[in-house]
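I have placed the structure first, in the form of structure tokens, so that the comments after it can refer back to it.
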Amino acid sequence: MADEPMMPLDESIAGEQVAEVNLPATANPNSPYAWPKERRILSTRVNRIDGPVKVSGRAKYSYDMKRPGMLYGRILRSPHPHARITALDLGPALKMPGVKAAVPIAKVGGKLMYVGDEVAAVAAVTEDQARDAARAIKVEYEILPFLANVEQALQPEAPPVFEGGNVKASQTEEEGSITAGFAAAAHIVEQTYNTQVQTHVSLETHGCMCEWEGEKLTAWVSTQAVHGTREGFATSLGIPQANVRVITEHMGGGFGSKFGPDVQGIACARLAKEAKAPVQLMLDRREEHLAAGNRPSAYAKIKAGVSADGMLTAFEAESWGTGGAGASSGFPLPYIYTFPNRRRVHKDVYINAGQQRAMRAPGHPQGCFITEMLMDELADRVKMDPIEFRIRNLPPQAPNAMWREYFKIGASKFGWDKRHATGDPTPGPIKRGMGCAANRWGGGGRGTQAQCEILPDGGVVVRCGTQDLGVGTRTLIAVIAAETLGLQVKDIKVELGDSNYPFSGGSGGSTTAPAVSPAIRVTVSKVLQELATRVAPAIGVAAADITASGGRVHSKTTPGKGLSWADACKRLQTTPVSVNAGWEPGLSASGSSGVQFAEVSVDIETGIAKVDRILCVQDCGLIVNQLTAESQCIGGMVMGVGYALYEDRILDRNTAMQVNPNMEWYLVPGMSDIPKIDIMLMNQPERGVIGIGEPPTISTAAAIANAVANAIGVRVRSIPLTPQKVLTALEGERAGGTQ
Amino acid sequence: MKPFAYVKAANEQQALAALGRERGKVLPLAGGMDLVSLLKDRIATPDRLVNVKGLDGTITATPDGGLRIGSAVRLVDLQAHPTVTAQYQALMEAAAEVGTPQIRNLGTVGGNLMQRPRCWYYRNEEFPCLKKGGARCYSVDGENQFHAIFGGGPCHIVHPSSLAVPLVAFGAKVRIVGPRGEREVLAEEFFELPERNLYGETALRPDELLTHVIVPPARAMKSATYEVRFRSSHDWPIAFASVALQLQGSTVTDARVVLGAVAPIPWRSPEAEAALKGQPLNEATATKAAEAALAGATPMTQNAYKVQVAKTAVKRALLHAAGVSA
Amino acid sequence: MAHPVPESRLVSPDVHCAHLRHKGMYVLTTPDPGEQKHAGTWDATAYWCTQTQKAMGPDGSAANAACCVAGNGRGCCH
Ligand SMILES: Cc1cc2nc3c(=O)[nH]c(=O)nc-3n(C[C@@H](O)[C@@H](O)[C@H](O)COP(=O)(O)OP(=O)(O)OC[C@H]3O[C@@H](n4cnc5c(N)ncnc54)[C@H](O)[C@@H]3O)c2cc1C
Ligand code: SF4
């Protein structure tokens, strides 16, 4: 699926290679732990070490946990978008069959801000009993005025639902002179763009199992942060952190929405305490959509200017969006391209809906879609190829800003030269088109601690309090340890996902690989030094002269002198070598760039768009595992297809209740909706490790939307690109419409 | 879900004996592909379920050359049946489009015809809508992008069954048994508009069972179903059409045109049928027939686009049935 | 070990309530110097209060870096 990167620097580009601001940290080649120049396992395709247990169903997710005597928890949620609780009686629930505990979450007098806001929780012997008991809780509500969508909230006569106003305007952000910029423009585009609210749709829902042993709490949580969740439980429950242990053996995705115990985690712990039994409380799909986070919507009314020779001159935007009840909705705008003169003001609009949470590259897909749509419209005005137009207006090239080169490499791989001008001239209902878009991301991490033991029987155990969200962190650790010790991946036992292991940060912001990889490299290098010290006398050289490769521990200078790994470890007799160490600078960096291309077919008689193929050209510094890095790209792009075409949290405009809190009408791409995907991973080993979790999802929707416009000759400035929107746009065009 | 009693009926008699007269209190359970989600979502709260997988599960030829399809026939078997694939293309194509392989492996013909609407207000317990005995239809000024463009309300569901549409196109009948004996009803009359039957979708009473579908002989009929759905993976159609044609050369001597997912019942279009009769079938006449079929559509606030989608479905079904490529 | 930048750029133990949280407090990043240059300033931070685990404090008012500061007169602030 992927191509080995080839990056001959094209002369004209190399000439412009001016470093911007200060260069992002590249790896330090003089670090004592520098990545090996000759990579045996690193950067190759290594199968996930937990693949077999996962595909055979033996892997135990938090959802699968079973404990003796366990109960099931269930939350009662607000049926109203905005209400005050005037009475709450758990009594009837406690009388229901099988019920062992009930706890309030909201208070009498307290307000509920959206449908799905938590009211109380119960625990019972079976899941059905818990559901029935939650329904039996008696609540009286005073129903309050509410806002079901952004349009309602922006009405001057809207009821004041949120303290301090339903709308919060940001500072105006300004650079250069807007007036001068527009004066220099030969063409001006004025349009409004928008993106929908997308929910995370993690396959494993949020939730946990809580079990108390006296004052000690063990929680099996579906979380992106075992240490963070330990802190969260302790702080919320007012107990010592030392009394809390959080375990996440396997995890079914979080995408930014799982950084703490959450309301349900705390309720679960309280229920378990009250019932004196382990309680499992996992959310269902409806709860996920309503109350477990989402990507805010985005709207932007933009006026932008371009000079006759295709240089951007001015950008003026009013943007807004909703992150639900009282949460922000910011996003970067303009995205990546250089508008020398710009002004922007943003408004957060609050509505009575579940609050946003960080979601895979927060803000970026919104900013990318809006800016990249605009870029194609501007390119059309100056009748320039979109890639040529983009290259003119990109910031200078740098290791973290490689778009010019990637656009060129990608264009030739994708067959961009076969792209027709806007509007497929081919007769018949099926129109094809191509589009492209760029992305950028940080992806630098730090702070991870790890422990490595070499055991007298030759075993190697690496422990790290990070977690594997399903992305291959476990395998990444084994790859680095094996590379460093001259062993095979299968020789390394990796233990993670437990707050009893050395500290590591939460897995977000694409920081896991750049935080964990250096920590493992440093720790394992140190443990090898320790082993060298212990076995040096037996080998008969100085410890400093000892290295390990090919399953042997041997002299660097006289490689013939040495012991097999097993024999070396036998020398440890009864005392293993054990080292705790952590992340150090010089092995990782921050700042990645990528571009994507999409080709689509649109049936103009039904309005149905289908993505035929996507290509991503993406870097992430030193590639640790080619296979799992590609997996991240695939997953990101599939999510981008959903964002472009299908996904939309639809709230009923009259009741603010979601009409599609399921996977029947909240559509995500299924197998047959996934296009052919090509990946060109650009290896930058000299930069060290950079995360790749987020960037590949950023520009997929923008590339697809541009491809649709290229196909049908009409621009649909709103995602998802449903048949309804596509047909309405085509209809508008026929009627002499919008362009 | 609400606790319920469960009866496994070995045959028609036992099944009938276990039913009751009150709507919703006792429900037949076939493949469960629809009913189980209705139970879980508490849209259906029966006291008793009667397993009717013991009803006739065979497809047999009728003396006049038609087909008698038992209600317990699974969709996967219907779709692969040699007579169905050879002579009733529209039915085969409709069955093949239903849900996913898992759903077709368990879902039955009877359950398919008797499945309940997918209106998202109906399916969410929180909306006490007209069909559930409430005071209003939430779709009217709400999120009606997938609702009806025909039928006149007061409930604006689209009928969910993929099989019902080709069956109406074929002029098929359903066999119904009940305490008052058995009867056969034209599929076209079996499905009822909300103005006549708000709480159900068919003429079947709570104490009756649908046991068979009887399809008339195909003769030289050319038929096809064309479905438009957004996702290629399982997704409900935005609109679809089944057509059954008798042709002399390329001239249409008789046509039945039925639209799906546009009305609370399979929506037969006499206008399109009239437009076709005596005409050669080609892109121009198919387009005209499609225009005629949709001329009377009364879209709601969000679903005018469905008119275009339905037109395309009719046109393509006609061309596809006649083997004319567009 | 090296922790080159402050734990959170948005929430400070000297200024903000001890219950205020956002994702960035659990994720240890190194800054990308290109970020500011390309994106301007924008805020997509989702805050929550550890007393409620929601974006609203126990008093029903919003929990964020602007409101949950010392001297705001909110009884829930620590
Ligand atoms: C994801 C998904 C996608 C789907 N897509 C489609 C689609 O594209 N097209 C489509 O047509 N359907 C679709 N379905 C609906 C699917 O449930 C039906 O097609 C299936 O055939 C139902 O059959 P069943 O035997 O499982 O019915 P059940 O669920 O057992 O019963 C359905 C209803 O019929 C009643 N019933 C069953 N048998 C009889 C009988 N003999 N007499 C009287 N009443 C009876 C039951 O009481 C119940 O109310 C989809 C379902 C899902 C979950
Ligand atoms: S269309 Fe029918 S089922 Fe849907 S909300 Fe209206 S009355 Fe209820």
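Any value given below was found using the heavy atoms of this structure, including those in side chains, with hydrogens, waters and symmetry copies removed. The sequence lines fix the lettering, A, B, ..., with proteins before strands; numbering per chain opens at 1. Predicted model, so just to flag it, every value in this text is computed and none were measured.
The shortest side-chain heavy-atom distance between B/R123 and A/W665 does not fall under the 4.5 Å cut-off. Side-chain contact between A/V659 and B/Y138 is absent, with no heavy atoms from C-beta onward closer than 4.5 Å. You'll find the side chain of B/R42 stays beyond 4.5 Å of the side chain of A/R131, heavy atoms only.
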Next on the checklist: Checking A/R135 against B/E125 for the side chain to side chain contact (heavy atoms under 4.5 Å, CB included) test, could you report, in this order, the C-alpha distance in whole Å, the side-chain angles of both residues, the deciding distance, and whether it holds?
Outcome noted: CA-CA 12 Å; A/R135 298 169 68 92; B/E125 193 193 357; 2.5 Å; yes
Checklist entry - Could you go step by step and tell me if B/R136 and A/N654 meet the side chain to side chain contact (heavy atoms under 4.5 Å, CB included) rule? => result CA-CA 12 Å; B/R136 66 187 262 224; A/N654 298 308; 3.9 Å; yes
Checklist entry - Step by step, would you call B/H234 with A/E664 a side chain to side chain contact (heavy atoms under 4.5 Å, CB included)? => result CA-CA 9 Å; B/H234 83 79; A/E664 175 177 354; 5.7 Å; no
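Summarising the geometry of B/F230 relative to A/L667, their closest heavy-atom pair is CD2-CD1, 4.5 Å, with the distance given to 0.1 Å. When all heavy atoms are compared, the tightest approach of A/P723 to B/I238 is CG-CD1, 3.6 Å. Here the closest heavy-atom approach between residue B/S232 and residue A/K610 is recorded as OG-NZ, 3.4 Å.
Annotation: the span from A/M671 atom CE to B/T100 atom OG1 amounts to 13.0 Å, rounded to 0.5 Å. Taking CG of A/L727 as the start and NZ of B/K306 as the end, the distance is 12.5 Å to the nearest 0.5 Å. Taken to the nearest 0.5 Å, the NZ atom of A/K725 stands 10.0 Å off from the CD atom of B/Q145. Atoms CD and CD, on A/Q724 and B/Q302 in that order, are 6.0 Å from each other to the nearest 0.5 Å. Once rounded to the nearest 0.5 Å, the distance linking CD of B/E126 with CD of A/Q658 reads 11.0 Å. The CG atom of A/N662 sits 9.0 Å away from atom CH2 of B/W120, with the distance rounded to the nearest 0.5 Å.
Using a 4.5 Å cut-off between heavy atoms, A/L721 contacts chain B through its backbone alone, with no side-chain atom that close. In this structure, chain B has heavy atoms under 4.5 Å from both the backbone and the side chain of A/D673. Looking at B/Y121, only its side chain comes within 4.5 Å of chain A, counting heavy atoms on both sides. For a residue to count as touching a neighbouring chain, one of its non-hydrogen atoms must lie under 4.5 Å from one of that chain's; by this rule B/D141 touches chain A with backbone and side chain alike. Of the atoms belonging to A/T655, it is side-chain heavy atoms, and not backbone ones, that fall under 4.5 Å from chain B.
For the options A/A609, A/G428, A/P661, A/G607, heavy-atom pairs under 4.5 Å to chain B are most numerous at A/P661. Top candidate by heavy-atom pairs under 4.5 Å with chain B, chosen from A/V726, A/L645, A/I674, is A/L645. Between chain A and the options B/K311, B/R229, B/K2, B/K40, the largest number of non-hydrogen pairs under 4.5 Å is found for B/R229. No other option in A/D128, A/T728, A/D132 has as many heavy-atom pairs under 4.5 Å with chain B as A/D132.
Salt bridge A/D603/B/R316: present, at least one basic N to carboxylate O contact under 4.0 Å.
Within a 6.0 Å radius of NZ in B/K132, more than 12 heavy atoms belonging to other residues, nucleotides or ligands are found.
A donor-acceptor contact closer than 3.5 angstrom is absent between the side chains of B/T312 and A/T606.
A donor-acceptor pair under 3.5 Å links the side-chain atoms of B/R231 to the main chain of A/V668, judged by distance alone.
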